[in-house]
Amino acid sequence: MPVKRKPPRTALFRSIVFLDLVKSECYIETEVMRVLSERLSELIAVLGLKKGEFADRIGFSQAYISLITAGKRPNPSDRFFASVSRAFQVNEGWLRTGEGEMFGGFEDDLSQTDLALVQKYRALPIHERQIVDEIVDAFALRRVLQDPEQEDEPSS
């Protein structure tokens with residue numbers, strides 16, 4: 001009758017350690033995605049957009065955005081992060097890791113007056129931001145229609 005041998009203790013220990021590492025890595029990745037999904041959902045709410053509108057503005061499908069906000073897309077592409085950052089002046093570091101301010105990266109180019117205006121805008125409720133956005137869009141459209149060749153020159 002064959003004798004059953006126990007596997008060496010070190011092999012069993014290595015298997016348990018490996019299993020624990022795999023579980024930890026999965027947990028960490030899930031935790032990061034949960035937080036990313038919350039940040040993306042928060043951003044979309046702050047912008048006052050629906051997922052479909054947000055997706056259109058950055059050139060991705062609504063399904064892709066829904067997967068991320070549900071925490072089911074493990075690694076959004078670098079193009080995704082760059083597109084969100086560029087389209088909405090979002091701090092890419094904040095979107096990826098949660099560190100820093102939600103919006104940023106453009107403050108170096110702004111005067112103190114411009115920065116104060118941005119801070120006041122950010123303090124507005126979403127529905128009031130939408131009104132301001134519509135007014136600014138109307139001014140921009142009027143300017144383009146009046147003289148499409150005119151270069152934009154900042155006023156003092």
- For Glu128, look at atom CD and say whether over 12 heavy atoms of other residues, nucleotides or ligands are found less than 6.0 Å away. yes

- Message: Rounded at 0.5 Å granularity, tell me how far CG in Leu36 sits from CG in Leu43.
- Response: 10.5 Å

- Any side-chain heavy atom of Phe80 sitting closer than 4.5 Å to one from Asn75? no

- Output yes when a side-chain donor or acceptor of Gln130 lies under 3.5 Å from a complementary backbone atom of Gly48, and no otherwise. yes

- Under-4.0 Å salt bridge between Asp56 and Lys51: no

- Minimum heavy-atom distance Ser37-Gly71, with the two atoms named: CB-N, 3.9 Å

- Is the side chain of Arg73 donor-acceptor paired with the backbone N or O of Leu67 at a distance under 3.5 Å, no angle test? no

- When you measure from the side chain of Ser85 to the backbone N and O of Val90, does any donor-acceptor pair fall under 3.5 Å? yes

- Query: Just by distance, do the side chain of Arg129 and the backbone of Tyr121 share a donor-acceptor pair under 3.5 Å?
  - Reply: yes

- Message: Would Asp78 and Arg96 count as a salt bridge (charged side-chain N to carboxylate O under 4.0 Å, His left out) here? Give the steps.
- Response: CA-CA 10 Å; Asp78 288 338; Arg96 286 180 184 270; 3.0 Å; yes

- Task: Indicate the atoms forming the closest heavy-atom contact of Ile58 with Ala87, along with that distance.
- Result: CG2-CB, 3.9 Å

- Message: Do Arg122 and Phe103 form a cation-pi contact, if we require the NZ or CZ to be under 6.0 Å from the six-membered ring centre and within 45 degrees of the ring's axis?
- Response: no

- Message: Within this structure, what is the OH-OG1 distance for the pair Tyr64 and Thr69, rounded to the nearest 0.5 Å?
- Response: 12.0 Å

- Item | For Ile135, the rest of its hydrophobic cluster, which grows through side-chain links under 4.5 angstrom | Ile131, Phe139

- Message: Applying a strict under-4.5 Å side-chain criterion to I, L, V, M, F, W and Y, I'd like to know whether Met102 and Leu124 cluster together.
- Response: no

- How long is the gap from CD on Glu99 to CG on Asn91, to the nearest 0.5 Å? 9.5 Å

- Report the distance from atom OG of Ser41 to atom CD1 of Ile68, rounding to the nearest 0.5 Å. 10.0 Å

- Task: Give a yes or no on whether the backbone of Trp94 and the side-chain of Thr97 come within a donor-acceptor separation of less than 3.5 Å.
- Result: no

- Measure the CD-CG distance between Glu42 and Leu47 for me, rounded to the nearest 0.5 Å. 10.0 Å

- Query: Judged by atom type as modelled, is there a donor-acceptor pair below 3.5 Å linking the side chain of Gln146 to the main-chain atoms of Arg143?
  - Reply: no

- Task: Rounded to the nearest 0.5 Å, what's the gap from CZ on Arg86 to CD on Glu92? Could you check?
- Result: 9.5 Å

- Query: Do the ring planes of Phe54 and Phe88 sit parallel (below 30°), tilted (30 to 60°) or perpendicular (above 60°)?
  - Reply: parallel

